[in-house]
Colleague: 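After the structure tokens below, expect a handful of questions from me.
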Amino acid sequence: MKPPPFAYSAPGTVTDALALLAALGPDGKVLAGGQSLVPLLNMRLAAPAHLVDINGLEAELGAVEVTDAGVRVGALARHSAVEASAPAVGVLPLLRQALTQVAHPVIRNRGTVVGSLAHADPSAELPAVLCLVGGSVQVASAGSERIVAAADLFAGPMETCLRPGELIVSAWFPALPERTTTAFLEVTRRHGDYAVCGVAVAVTRDPDGAITGARAAYVSVSDTPLVLDLTDALVTGEAAGDRVFAAARLAAASVSPDDDIHATAGYRRHLAGVLTARALRAAS
Ligand code: FAD
């Protein structure tokens, strides 16, 4: 299928892009890797009047900056660049654990981490990761800038709190506390598909190995990423095995999936429990 007609601009600087987006208001749409937007155009599920292509802004928006405090991912950093960044993955292994499950390598070569956050698909891995680590995005518009916490960014399926004229310039993934281990597991119908259900977990221990914190973020079981605190379930059970099952039962009881053509709500709920148990073991 072919997209509906649209005007197209490729500004040469972020300042020019912001001025154009401000002038266009709700008629303007940012084009990054195009791996979500172009299919939507071709299926005529979106019909923006004007695409603002930011792919020429690599010098300003392409960086992946890593410090001990976390990883800052520029709006034009591709999934594959973050996945291949040893410093980024060293600070936050969860990034690679999640990114290797996003689509296929050819899509990760083009799609951007920030584009995935802006797209806000409830089946996408990276919004759940951003929520689990308590990250944020840096949002710019002509003449102003704001930081939006992950918990406030996602408003519904494919819906964020971004306003017309705004551009996410980077995403901030803070490092997790010392002695935190992570895992990302999901079930897909075919390799590379969106997850029927997915879970990211982070487990923190004290120097003696006792669990002091455990959190999980779920994919494809709610309209926006669902974050659960599993600490109580994991520290109060009778024996280690029971505790993992207590956490899995809590997860299955807490998610609110819908039936759709891919899976029933009951199957997704079952997966939320099973994947929680497996991910907690994988992170141990
Ligand atoms: P685009 O498609 O260019 O844009 C997506 C949306 O974000 C648009 O609304 C755009 O206006 C907005 N946007 C982009 N950048 C910005 C910005 N800086 N500021 C404000 N708004 C912005 N994704 C997954 O998470 N998991 C999967 O398993 C998965 N499987 C896929 C399988 C296939 C076959 C395909 C084609 C895609 C799949 N994707 C999957 C989507 C892929 O990860 C996309 O790359 C990603 O979701 C969007 O990134 P993009 O750079 O391509 O954004």
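Atoms within each ligand, like the ligands themselves, are counted from 1 in listed order. Being a predicted model, the structure only gives us computed values, none of them experimental. Values reported hereafter were calculated over all heavy atoms of this structure, with side chains retained and with hydrogens, waters and symmetry mates removed.
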Colleague: Decide whether an N or O pair under 3.5 Å exists between Ala75 and ligand 1.
Modeller: no

Colleague: Just let me know how Thr112 lines up against ligand 1, side chain, backbone, both or neither, with a heavy-atom cut-off below 4.0 Å.
Modeller: both

Colleague: Please report which non-hydrogen protein atom sits nearest to atom 35 (C) of ligand 1, along with the residue it belongs to and the distance in Å to one decimal place.
Modeller: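 Minimum-distance protein heavy atom for atom 35 (C) of ligand 1 reads Ile107 CD1, 3.5 Å.
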
Colleague: For atom 37 (C) of ligand 1, what's the nearest protein heavy-atom neighbour? Residue, atom name and distance, please.
Modeller: Gln35 O, 3.7 Å

Colleague: How many angstroms lie between atom NE2 of His262 and atom OH of Tyr267, to the nearest 0.5 angstrom?
Modeller: 13.0 Å

Colleague: Considering only the protein, which heavy-atom contact is closest to atom 14 (C) of ligand 1, and what is its distance?
Modeller: Gly115 CA, 3.6 Å

Colleague: Any non-hydrogen side-chain atom of Glu83 less than 4.5 Å from a side-chain atom of Thr100?
Modeller: yes

Colleague: With a 4.5 Å limit on heavy-atom distance, are the side chains of Leu31 and Val38 in contact?
Modeller: yes

Colleague: Considering non-hydrogen atoms only, spot the tightest contact between Arg146 and Leu162 and give its length.
Modeller: NH2-CA, 4.1 Å

Colleague: So how far is it from Leu132 CG to Leu228 CG, rounded to the nearest 0.5 Å?
Modeller: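 With rounding to 0.5 Å, CG (Leu132) is 10.5 Å from CG (Leu228).
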
Colleague: When you measure from atom 40 (C) of ligand 1 to every protein heavy atom, which one gives the shortest distance, and what is it?
Modeller: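 For atom 40 (C) of ligand 1, the nearest protein heavy atom is Tyr194 OH, 3.1 Å.
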
Colleague: Using a 4.5 Å cut-off on heavy atoms from C-beta on, say whether the side chain of Lys29 contacts that of His50.
Modeller: no

Colleague: Which atoms of ligand 1 have any heavy atom of Gly34 under 4.0 Å away?
Modeller: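 Selected atoms, number and element: 1 (P), 2 (O), 3 (O), 50 (P), 52 (O), 53 (O).
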
Colleague: Among all protein heavy atoms, pick the one closest to atom 2 (O) of ligand 1 and tell me residue, atom and distance.
Modeller: Leu37 N, 2.7 Å

Colleague: Distance-only, no hydrogens or angles: does the Asp260 side chain make a donor-acceptor pair with backbone N or O of Ala263 under 3.5 Å?
Modeller: yes

Colleague: Of all the non-hydrogen atoms in the protein, which one sits nearest to atom 47 (O) of ligand 1, and at what distance?
Modeller: Ser36 OG, 2.9 Å

Colleague: Return yes or no for this condition: an N or O of Glu166 is under 3.5 Å from an N or O of ligand 1.
Modeller: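 So ligand 1 has no N or O lying under 3.5 Å from an N or O of Glu166.
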
Colleague: Taking the side chain as every heavy atom from C-beta outward, state whether Val129 and Leu99 have any pair of such atoms under 4.5 Å apart.
Modeller: no

Colleague: For atom 11 (O) of ligand 1, tell me which residue out of Asp53, Val30, Val139 has the closest non-hydrogen atom.
Modeller: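 Checking each option, the heavy atom nearest atom 11 (O) of ligand 1 is found in Val30.
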
Colleague: Under 4.0 Å from ligand 1, counting heavy atoms only, is it the side chain of Ile168, its backbone, both or neither?
Modeller: both

Colleague: May I ask you to identify the nearest protein heavy atom to atom 32 (C) of ligand 1, giving residue, atom name and distance to one decimal place in Å?
Modeller: Ala103 CB, 3.7 Å

Colleague: Is it the side chain, the backbone, both or neither of Leu61 that has a heavy atom closer than 4.0 Å to ligand 1?
Modeller: neither

Colleague: Tell me if the CZ atom of Arg278 is crowded by more than 12 foreign heavy atoms within 6.0 Å.
Modeller: no

Colleague: Do any nitrogen or oxygen atoms of Gly111 come within less than 3.5 Å of a nitrogen or oxygen of ligand 1?
Modeller: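 By distance alone, the answer is no.
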
Colleague: Which heavy atom in Thr180 sits nearest to a heavy atom in Ala202, and how many Å separate them?
Modeller: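 Scanning both residues, the minimum pair turns out to be CG2-CB, 4.0 Å.
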
Colleague: Taking atom OG of Ser80 and atom CD1 of Ile107, what is their separation to the nearest 0.5 Å?
Modeller: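 Taking OG in Ser80 and CD1 in Ile107, the distance rounds to 12.0 Å.
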
Colleague: Quick one: does Gly192 get a heavy atom under 4.0 Å from ligand 1?
Modeller: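 The answer is yes, since Gly192 has a heavy atom less than 4.0 Å from ligand 1.
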
Colleague: Would a distance-only check, ignoring hydrogens and angles, find a side-chain to backbone donor-acceptor pair under 3.5 Å from Arg189 to Val196?
Modeller: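 Such a contact is absent between Arg189 side chain and Val196 backbone.
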
Colleague: State whether the side chain of Gln97 and the backbone N or O of Thr182 hold a donor-acceptor pair below 3.5 Å, judged by distance alone.
Modeller: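 A pair under 3.5 Å: yes.
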
Colleague: What about Val102: any of its N or O atoms under 3.5 Å from an N or O on ligand 1?
Modeller: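 Such a contact does not occur with ligand 1.
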
Colleague: Pick one of side chain, backbone, both or neither for how Arg108 approaches ligand 1, counting any non-hydrogen atom pair under 4.0 Å.
Modeller: neither

Colleague: Only heavy atoms count here, so choose which of Ala32, Ala98, Gly198, Ala140 is nearest to atom 15 (N) of ligand 1.
Modeller: Ala32

Colleague: Distance under 4.0 Å to a non-hydrogen atom of Asp193: what atoms of ligand 1 satisfy this?
Modeller: 28 (O)

Colleague: Nearest 0.5 angstrom please: Phe154 CZ to Asp121 CG, how far?
Modeller: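 Spacing of CZ (Phe154) from CG (Asp121) equals 10.5 Å.
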
Colleague: List ligand 1 atoms under 4.0 Å from Leu167, heavy atoms only on the residue side.
Modeller: 17 (C), 18 (N), 19 (N)

Colleague: Tell me whether His79 has any N or O atom under 3.5 angstrom from an N or O of ligand 1.
Modeller: yes

Colleague: Looking only at protein heavy atoms, which one is nearest to atom 21 (N) of ligand 1, and what is the separation?
Modeller: Ala118 CB, 3.5 Å

